[in-house]
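Please see the structure below; I have some questions.
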Amino acid sequence: MMDSTDQIDQVRDDFITRMGVIAMGEGLPRMAGQVFAMLVFEGEPIAFGALSRRLSVSRATISTSIRLLEERGLIRRVNKTGDRQDYFQLADDAYAAMTKYALAGTRHAKSEINDTISKLPEEAEGVRQRLDTFAAFYDTISAALDDVATRVSKPKN
């Protein structure tokens, strides 16, 4: 029979693996998704070296993932007094940052659609209508993401 510590470890490992796959589906490296998932699951700062050991990957791979996650505002670097290692934890507003990144993507897609519409000749009314509907789809997603970003943003102290 599995004790609760083993069960939690198994659930954590499965979660980390699945979040890596989801990250890949969203255009991120699998390892960035796994690092993020570990920080979410653990809920406390984790040392750079511990991330490498616990995920069984090179320090270079962790470094690349850390840099990407920091650039997107999803994690932050913290220090522990008397310890020379870098530690990482989930950023205070990580979910708002994720939402804002998705929002930028939807706005970019709508801009590309509108650019295409502007190049169509007058007689391409059917194409224009379909592209207008497509642009409206992105407007709806953008409005929803804007609402989500507001809801998940933590007030700055």
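Computed from a prediction, not measured in an experiment: that's the story for all the values here.
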Return the minimal non-hydrogen interatomic distance between A32 and S65, and the atom names on each side.
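Residues A32 and S65, closest heavy atoms: N-OG, 3.4 Å.
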Side chains of R12 and E42 in contact at under 4.5 Å (non-hydrogen atoms):
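Touching, per the 4.5 Å side-chain cut-off.
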Keeping T140 on the side-chain end and A136 on the backbone end, is there a donor-acceptor pair under 3.5 Å?
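Judged by distance alone, yes, a pair lies under 3.5 Å.
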Atom pair CZ (F36) and CE (M31), whose distance is rounded to the nearest 0.5 Å
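One gets 15.0 Å once the value is rounded to the nearest 0.5 Å.
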Got a second to check how far L131's CG is from Q129's CD, nearest 0.5 Å?
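So the CG of L131 and the CD of Q129 are separated by 10.5 Å.
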At their closest point, which heavy atom of Y87 faces which heavy atom of A47, and how far apart are they?
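Closest approach of Y87 to A47, heavy atoms only: CD2-N, 3.3 Å.
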Check the pair R53 / I62 against side-chain contact (heavy atoms from CB on, under 4.5 Å), numbers first and verdict last.
CA-CA 10 Å; R53 283 189 307 280; I62 292 296; over 6 Å; no
Rounded to the nearest 0.5 Å, how far apart are CG of D14 and CZ of R18?
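Result: 4.0 Å between the selected atoms.
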Check for me, please, whether I117 and I141 land in the same ILVMFWY cluster - side-chain distances under 4.5 Å, paths through other members count.
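Yes.
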Check the pair Q89 / R76 against side-chain contact (heavy atoms from CB on, under 4.5 Å), numbers first and verdict last.
CA-CA 6 Å; Q89 68 181 35; R76 66 185 182 100; 2.6 Å; yes
Working to the nearest 0.5 angstrom, can you tell me the gap between S63 OG and D86 CG?
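That separation rounds to 10.0 Å.
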N-O pairing of E70 and R77 below 4.0 Å
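Looking at R77 together with E70, the answer is yes, because their closest N to O distance falls below 4.0 Å.
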Checking T150 against S153: is there a side-chain donor and acceptor pair closer than 3.5 Å?
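Per modelled atom types, S153 and T150 side chains form no pair under 3.5 Å.
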Decide whether M24 and L55 are clustered together by the hydrophobic rule: side chain heavy atoms of Ile, Leu, Val, Met, Phe, Trp, Tyr closer than 4.5 Å, transitively.
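M24 and L55: separate clusters.
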Find out whether K110 and T106 are in side-chain contact, i.e. whether some heavy atom of one side chain is under 4.5 Å from a heavy atom of the other.
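Result no, sub-4.5 Å side-chain heavy-atom pair not found.
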So, S56 side chain and S52 main chain: donor-acceptor pair closer than 3.5 Å or not?
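Not at all, since once roles are kept as given, no pair shorter than 3.5 Å links the two residues.
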If we ignore hydrogens and angles and just use 3.5 Å, is the side chain of T17 paired with the main-chain N or O of D13 as donor and acceptor?
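The answer is yes, because a donor-acceptor pair under 3.5 Å joins these two groups.
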From N114 CG over to D132 CG, what is the distance, rounded to the nearest 0.5 angstrom?
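One gets 8.0 Å once the value is rounded to the nearest 0.5 Å.
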Does some side-chain heavy atom of R54 sit less than 4.5 Å from a side-chain heavy atom of I46?
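The answer is yes, as the side chains (C-beta and beyond) meet within the 4.5 Å cut-off.
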Within a reach of under 6.0 Å around CD of E112, are more than 12 heavy atoms found that belong to other residues, nucleotides or ligands?
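More than 12 within 6.0 Å, yes.
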Can you name the nearest heavy-atom pair linking G73 to A97, along with the distance?
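G73 and A97 have their closest heavy atoms at O-CB, 3.6 Å.
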Got L145 and K100 here, is their nearest side-chain heavy-atom distance under 4.5 Å?
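L145 does not reach K100 side chain to side chain.
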Exactly one of L74, I66, V40 should register a side-chain contact (heavy atoms from CB on, under 4.5 Å) with V35. Which one does?
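Only one option passes, and that is I66.
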Whether the side chain of S142 engages the backbone of Y138 through a donor-acceptor N/O pair (distance < 3.5 Å, no angle test) should be reported.
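Yes: the side chain of S142 pairs with the backbone of Y138.
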State plainly whether one hydrophobic cluster holds both F48 and L69, where clusters connect Ile, Leu, Val, Met, Phe, Trp and Tyr through side-chain heavy atoms under 4.5 angstrom apart.
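Linked within one cluster.
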Parallel, tilted or perpendicular: which fits the ring planes of F41 and F15, with parallel below 30° and perpendicular above 60°?
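If you compare the ring of F41 with that of F15, the planes turn out tilted.
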Flag the pair M19 / Q34 as yes when at least one side-chain heavy-atom distance between them is below 4.5 Å, and no otherwise.
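A side-chain contact under 4.5 Å is absent here.
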Rounded to the nearest 0.5 Å, what's the gap from CZ on F134 to OG1 on T116? Could you check?
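It comes to 10.0 Å.
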Any donor-acceptor pair under 3.5 Å from R128 side chain to L120 backbone
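Yes, the answer is positive, given that a donor and an acceptor are paired below the 3.5 Å cut-off.
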Can you give me the closest heavy-atom contact between V78 and F88, atom names plus distance?
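It is CG2-N, 4.4 Å.
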Is there a path of hydrophobic side-chain contacts, each under 4.5 Å between heavy atoms, that joins Y95 and L28?
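No, Y95 and L28 fall in different hydrophobic clusters.
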Where the side chain of D93 meets the backbone of A96, is there a donor-acceptor pair that is under 3.5 Å apart?
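Side chain of D93 to backbone of A96: no pair is present.
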Out of curiosity, does L39 fall in the hydrophobic cluster containing V57 (side-chain heavy atoms, cut-off under 4.5 Å, transitive links)?
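Cluster IDs for V57 and L39 match.
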